[in-house]
Amino acid sequence: MAKALLNFHLHIEPTTSQYQIFPEKTQSSRKSQNHEPRIKHQTSSRSTTTCVNKRKFKRVESSISSIQRLLSYVNSGYLEAALQMFDKMHKSSTFVWNVIIRGLVDSGMFEEAIDLYYRMRFQGIKADNFTFPFVIKACAGVFGLKEGQNVHATIIKLGFDVDIYICNALIVMYAKVGCIEDSEKIFESMPVRDLVSWNSMISGYVSARDGWGSLICLQKMRKSGLKLDRFSYVSGLGACGLEGCLLSGKEIFCQVLRNGLELDSMIQSSLIDMFGKCGEVDYAERFCDKIAQKNIVVWNAMIGAYALNDKSFESFTCLEKMQDDENVKPDTITLINLLPSCSKLGALLKGKAIHGHAIRKGYLCHLVLETSLVDMYGKCGSVSLSERVFFHMKERNLVSWNAMIAAYVQSSNYREAIELFLTLQNEPCVPDETTFVSILNAYAEIALPNEGKQIHCHISKSGISSGTFVSNAVIHMYAKCGDLEAARKVFDGMLFKDLVSWNTIIMAYAIHGFGGYCFGLFSDMTNEGYKPNESTFVSLLTACSIVGLVDEGWKYFDLMKREYGLDPGIEHYGCMLDLLGRDGNLDRAKSLIEEMPLKPTPRIWGSLLAASRHHKNIELAEFAANNIFAFDNDNTGCYVLLMNMYAEVGRWDDVERVRRLMKKRGFERTTGCSVVECNGKTYTFSNYDKSHTESNVIYNVLDILSRKIGEEARSCSVSKFKPPDLLKATSNSPMCHSVRLAVCFGLISTSVGEPVLVRKNIRICEDCHSATKKISEITNREIVVGDSKIYHRFKDGRCSCGDYW
DNA sequence: GTAGGGTTAG
């Protein structure tokens, strides 16, 4: 082991970064980081300090006995020297083993400490009351419940379970590994409890993320007559931050002042952290400003408080102040705290600069830092960089997996998200609510009811499906997969609904075109005492725009401000534009964009573009499209829509121009595909797909249906006058579009009277929409097609969307 | 001669 430790490299060659946000004036020696084993190297450096140390050690070596020397190495943090020495020593006394195990624990080398404990016992050396506190701490350090339980069993067997030091260590260990009940049991059964026992229990609840439990325990401690100390206050403040309880936080602050503890740096950072977590960044700032000598932890807490409270710019200003004014160098945690600010600002370059700095400083590999990078890259829209970090990580935990899955979902890589989720099943990590919410969102975007049901069952089996977060995601998933009934069933069965549950179910009815139900649900919701928020009105206005209720739309648009004091956001304006566009009021739509107090986004111009397409106003479409193109983000749908409009009027030069623009920007047309579920299996079709085993039958049926609905190849609008050289460049004939193939297969594979449900990854085209209406009429079947935005219910030759989408 | 509780992190 000593050899392995000697080979431990702390130096990573610096790389250059284009974006310097961390001025490196001097090549200062790196501080030891929390995440790195804290080993002081006695050799392999030419610095003066080390020479002095060498001389110092020679003196030490010559003057004291080997045991004392071992102790002195451990106490000074020279673990390498201690390990070398330990290897050569006669190891018959428990004391020697205790000293070296402590050294490993103090250096954060928990696994090695546990290994050494077992080696000690294997060699017949008896562990004593000093050994166990170290070993228990090591078990807590690796979150090893099994190891902890094994050690605990030995403690009981040897009769050390009455030792107050050992019990206190066990309380902390069980809380950290997620068994707070065991901590409680030990605490309750202790014949004598001291200050540390109470503090261990109070901090234990914080580790278990039970802030109220911690505060109640603090209260009991006070009642028992004990005087609270700095450790009690620090944990208490952590509890207030967890629960967002500012009142209790302020009470503790007063006690801190009364006891003159406000100069304690640990309390200072805990106070800033508490204020930040309670949403009171101004308090945090005022308190922080008064601290004369701020250490790195205080700065990190302040940067974290800014980041948490959406003050991203301020978090960077704080970093500058820390570096320039106080000459404090950022550490791993500083970087971790800054990354969410990059995500919120969408500042990919800043994020990359932080990544570069971390590499240059040798802060990587670091589990939390790497996970934060995966998260940041995902949120900044660079999923490939998330992947690069994630797949190079030496160690991953559930949070890392969740960050990568979320990055996939965020970038619409739903299949990849699901695949990664399936890979996670083979890992020791157990998926949690966050995993399930992400994965449900992935299924919501691409799955059909049967697959949806399967993932719902999978989650139910895990036993954590009944939480409000997960249930809300299940409602959304079922609604998007086309099973509105299942969505409603989950909603009705919820024990604890929240505002999101109501907003989700209203949106569910909205996308399925049942506006009336939405308004009914809205009044149920307000009658039950829920106060609507911005999202509620997005759901309601979506319902109005999908159903085409202009007056209702304006009513809710006014109501949100007048009755609930909510300012309409970009999404609300988008819905109103959809509504005006549907109504054919293009002038009003245009003027609404000019009047609105917000900067138009691609979503806004997209609404105007859709309206222009529907009303065949190519000038307005060009105007809207040019505004979208100015944004440089991937709105492939808009490019295609404009190309199709140009194609319809035979403006082939313009088609080519837009196509080139798309190519130049590296945007590729999304390949349209449709899925249909038959007899519990999912079948995917692409345009002109002939890969299906039943393709012959499908194409025969399609041919018959096409003729019956009076549609032949030449009558399809887009390809009507298409020159042959552009056939490939623009659009294929819609006659064999994926949605029709899927509908045909659905019709022949399901029983008469059963509706056919198809999902399409992009919006349904005009030709297919019109054809499906006719197919529903001649086959006398209900056909439901969910496109990337809404559900179209085709029945008796009509569609629920009223021919506007 | 060795022991237990602590701050900032996804």
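No hydrogens, no waters, no symmetry mates; every other heavy atom, side chains included, goes into these values. Chain identifiers are assigned alphabetically (A, B, ...) following the order of the sequence lines, protein sequences preceding nucleic acid strands; residue numbering begins at 1 within each chain.
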Can you tell me how far [atom2] of [N] sits from [atom1] of [X], to the nearest Å?
| X | N | atom1 | atom2 | answer |
| --- | --- | --- | --- | --- |
| A:I291 | B:dT8 | CD1 | P | 14 Å |
| A:D331 | B:dG10 | CG | P | 13 Å |
| A:W97 | B:dT2 | CH2 | C1' | 15 Å |
| A:I303 | B:dT7 | CD1 | P | 19 Å |
| A:R209 | B:dA9 | CZ | C1' | 11 Å |
| A:L335 | B:dG10 | CG | C1' | 13 Å |
| A:I272 | B:dA9 | CD1 | P | 12 Å |
| A:D432 | B:dG10 | CG | C1' | 12 Å |

query: Got a sec, which residues hit side chain to side chain contact (heavy atoms under 4.5 Å, CB included) with A:P431, two or more places apart in sequence or on another chain?
result: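 A:P431: side chain to side chain contact (heavy atoms under 4.5 Å, CB included) contacts with A:F421, A:L424, A:Q425, A:T435, A:F436.
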Pick base, sugar-phosphate or nothing for [X], based on heavy-atom distances below 4.0 Å to the nucleic acid.
| X | answer |
| --- | --- |
| A:K294 | nothing |
| A:V99 | nothing |
| A:N402 | nothing |
| A:N98 | base |

Expected output is a numbered-order residue list: members of [range] with a heavy atom under 4.0 Å from any atom of DNA chain B. What is it?
| range | value |
| --- | --- |
| residues 218-244 of chain A | A:D229, A:R230, A:F231, A:V234 |
| residues 128-145 of chain A | A:N129, A:F130, A:P133, A:F134, A:K137 |
| residues 375-395 of chain A | none |
| residues 304-312 of chain A | none |
| residues 192-208 of chain A | A:D194, A:L195, A:V196, A:N199, A:S200, A:S203 |

Contact check, side chains of [X] and [Y], non-hydrogen atoms, under 4.5 Å:
| X | Y | result |
| --- | --- | --- |
| A:I114 | A:E111 | no |
| A:T334 | A:I296 | yes |
| A:Q323 | A:P330 | yes |
| A:S341 | A:F316 | yes |
| A:I164 | A:R193 | no |

Restricting to pairs with a member in [range], which pass side chain to side chain donor-acceptor pair (under 3.5 Å), not counting sequence neighbours?
| range | answer |
| --- | --- |
| residues 371-380 of chain A | A:H355-A:Y377, A:T371-A:S400, A:D375-A:K379 |
| residues 147-159 of chain A | A:H152-A:Y174 |
| residues 201-217 of chain A | A:E184-A:Y205, A:W212-A:E243 |

task: Mark yes or no for a side-chain to base donor-acceptor pair under 3.5 Å between A:S372 and B:dG10, with no hydrogen or angle criteria applied.
output: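 Counting by modelled atom types and ignoring angles, no donor-acceptor contact under 3.5 Å is found here.
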field: Base B:dT7 paired with A:S270 side chain (donor-acceptor, <3.5 Å)
entry: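 No.
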- prompt: Which residues pass the ring pair (Phe, Tyr, Trp, His ring centres under 6.0 Å) test with A:Y283, sequence neighbours left out?
  reply: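 By the ring pair (Phe, Tyr, Trp, His ring centres under 6.0 Å) rule, A:Y283 matches A:F275.
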Side-chain H-bond candidate by donor/acceptor type, A:D128 with A:T131, under 3.5 Å: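 A:T131 and A:D128 do have a side-chain donor-acceptor pair below 3.5 Å.
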query: Does any pair with a residue in residues 283-296 of chain A pass salt bridge (Lys or Arg N to Asp or Glu O under 4.0 Å), and if so which ones, sequence neighbours excluded?
result: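 Sorted result for residues 283-296 of chain A: A:D289-A:K321.
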is_close_aromatic(A:W97, A:Y117), centroid dist under 6.0 Å: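 No, too far apart.
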task: Measure centre to centre between the rings of A:Y165 and A:F132, then say whether the value is under 6.0 Å.
output: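 Aromatic pair excluded; centres sit 6.0 Å or further apart.
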query: Considering residues at least two apart in sequence or located in another chain, which fulfil the side chain to side chain donor-acceptor pair (under 3.5 Å) criterion with A:R230?
result: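 Expected list: A:D264.
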message: Is it the case that atom CZ in A:F391 sees more than 12 heavy atoms from other parts of the structure closer than 6.0 Å?
response: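 Yes, CZ of A:F391 has more than 12 neighbouring heavy atoms, counting only those of other groups under 6.0 Å.
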message: Any side-chain to backbone donor/acceptor pair from A:W299 onto A:L319? Under 3.5 Å, distance only.
response: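 Not a single qualifying donor-acceptor pair exists.
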query: Taking the side chain of A:S269 as its heavy atoms from C-beta onward, which of B:dT7, B:dT8, B:dA3 lies nearest to it?
result: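 In terms of side-chain proximity for A:S269, the closest of B:dT7, B:dT8, B:dA3 is B:dT7.
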